[in-house]
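Indexing begins at 1, ligand by ligand and atom by atom, following the structure's order.
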Amino acid sequence: MEQPSDTSFKFLSLGGSNEVGRSCHVLQFKGKTVMLDTGIHPAYQGLASLPFYDEFDLSKIDVLLISHFHLDHAASLPYVMKRTNFQGRVFMTHPTKAIYRWLLRDFVRVTSIGTTSSEKDENLYTDEDLADSFDKIETIDYHSTMDVNGIKFTAFHAGHVLGAAMFQIEIAGLRVLFTGDYSREMDRHLNSAEVPPLPSDVLIVESTFGTATHEPRLNREKKLTQLIHSTVGRGGRVLMPVFALGRAQELMLILDEYWSQHADELGSGQVPIYYASNLAKKCMSVYQTYVNMMNDDIRKKFRDSQTNPFIFKHISYLKNLDEFQDFGPSVMLASPGMLQNGLSRDLLEKWCPEDKNMVLITGYSVEGTMAKYIMLEPENIPSINNPDVSIPRRCQIEEISFAAHVDFQENIEFIEKISANNVILVHGESNPMGRLKSALLSNFSSLKGTENEVHVFNPRNCVEVDLEFKGIKVAKAVGNIVDEIQKEETSILKEETSVIKEETQDNIEETEEQLETGQSIKEEENTERIQEEGGDDIIVSGILVSDEKNFDLNLVSLSDLREHHSELSTTVLRERQSVQVNCKKELIYWHLCQMFGDITVISDDDNITNTTVKKEESSNGKLVLQIMGDLRLTVAESVASLEWTQGIISDTVADSIIAILMSVDSSPSSVKMSSKTCNHDHSGVTEEAKAQDEVSKIKSIARLFKEQFGECFTLLLNKDEDSKDSLKEDISGMITIGKNTARINFSQMKIEECNSNPLKGRVESILNLSSDLVSPLC
Ligand SMILES: [Zn+2]
Ligand SMILES: [Zn+2]
């Protein structure tokens, strides 16, 4: 398995793909590695029963999650923890851990029985390995989320057996749901599997029953009790090979109830029921302890009757067969479930020659085991202790499935509810798995070619599934931004808004600044679209802070950054640009006022702006303006310096201010302003010359208006332009912008009429400025 690229998600089964047994799957995304389950294959012995651990470098694994205590999911855990280079952390639920201990101790014992000294080396691990590994296993509660270096995972009820969990794993926004073995049927003691509240991108789902359908639960219970009743009725013995924990307890609940209902025929020891397992007592005490983790029904029974429902009236425990007095009809639940060895195998060999007896298979039988073989109703079976002896088989063989795995209908309904675009089938023999794949593909065929197309995979062991997940970005809104969002959606307030999921827009310009802590701020001033369920999008802007190590992505407003990410030193880029200006400051101010309404005078030593700003102590003819909020322009001694904080808007404004500063010199209306004021006496100037001067002054002002208002401005000149007397009254201008009009008397430099206040204000400010602007050259 190669180290995946940044966007590729890799799935690899080391066991449990196209087979039932030795479940073990590896997920890799964004440099994180998660392993799911470490089972053994019940049909094989020793090292051959292990998943293909040699095919993957186990030292890469960050987190190992164990779905439940069954041997095909958990039994090679001590091997992985003690005999390989695995160094990750291991998690399972509390009940799984409690049961795991007893179960695996028994597993070590059972598998080492009958092995010769050379075979002893094949033992996968010792009791000490088991004890050592046990202390390092961490527990996780249902519905709680753990975070290990950016790998977040949450446990959900899976039904199946006590403590069984489905895990939803989230890495960098990608969510994967692993069902483990799961059941959607509410039985007598367990909750059925849950649908996690958050969606998943990838679903890894069991396919044990393929496209087969279970008979309704009640029918199966009825069939079971009738079969057993009729067998013991004819004096026969019933052998029910069961796994020590899980279905055994469910079957006991059914039988104990039935025996109570038929106490006159079966009760009071007439037909005893035994639960034969090395672990019988220990297992039952675990079940008695964890009643609070079971379903409401059984918890209510526990509360109401004040007696533990797992303390059975009609069932006795047998630790081994020494104490068993086999005199007449009886019902025996015995482990192990696959009849490979141990108590159930001994009883099988003892009882199978008699035709009044019955072997009743209720669990899932793994390929290659005696439980699977016996269902073919063979003439003879091999003896476990003496392979040369074969034992005739005449007993009745029946199968009624109480295996707590989903059937086709339940599975497909669940898969639809999860609605992941990628479904990976595991935990199923090739044929049923293949049939399920075809059925799923045809079920989702209408989505083919759309963006919701469902891809179904049924990989073999050690064959990688490689999926590309580009641009999944989840950002959590933090601080003020949350208030902002809530304000926006006061009418449609919903809880989910703190989580945003959004596809990256490839065209977003990214500015990335590496910061001291190794974290980075990405996409400054980025705009995020929050998707509301069935509502309108809300657009908020802030800074995306990404923690590269843990994949946390927070959307924070700039003002909040220090509070929520004190570890970040923020870099604010101030830009500064200076240009040479030869014109008067008044002219610069005037041009800027025309371009940008929003100008604050910070300091104005020569009082050219007519604003009441305090003069600085050491007056040196400086003019300081604040433009469009952030930009600061300082003009002093023929140099204009502009300073601003980098940003898309500020940069643009700065560009246009610089452009104005550069062109202000060459603008025709500026020529006079930039000329030197004369110092000589004007007293000798003739009246005629004065009049001429007035005309040219008015023309200059009129030109300014033309520049400002373009086609909307008309200059109205008196026909007797040369007549000195009429001159003053008659030069006027007209501005017409839609319905708004203004008439200006240039001779008196005032507005004669105007029907719009904004227009009036604008005209007035131009008139005020122009009186200075057109001050006569000498
Ligand atoms: Zn299982
Ligand atoms: Zn399983």
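- Counting heavy atoms of neighbouring residues, nucleotides and ligands inside a 6.0 Å radius, atom CG of D54 does not exceed 12 of them.
- Looking at N421 and H455, their side chains never bring a donor and an acceptor atom within 3.5 Å of each other.
- Under a cutoff of 6.0 Å and an axis angle of 45°, R83 and Y125 do not form a cation-pi pair.
- Around the Zn ion (ligand 1), the protein contributes the following N, O or S atoms at distances under 2.8 Å: H68 NE2, H70 ND1, H160 NE2, D181 OD2.
- Here the closest heavy-atom approach between residue A75 and residue I40 is recorded as CB-CG1, 3.4 Å.
- For the pair R101 and F134, the cation sits on the ring face: its NZ or CZ lies under 6.0 Å from the ring centre, inside 45° of the axis.
- In summary, E215 and K223 engage in a salt bridge, as defined by a charged side-chain N under 4.0 Å from a carboxylate O.
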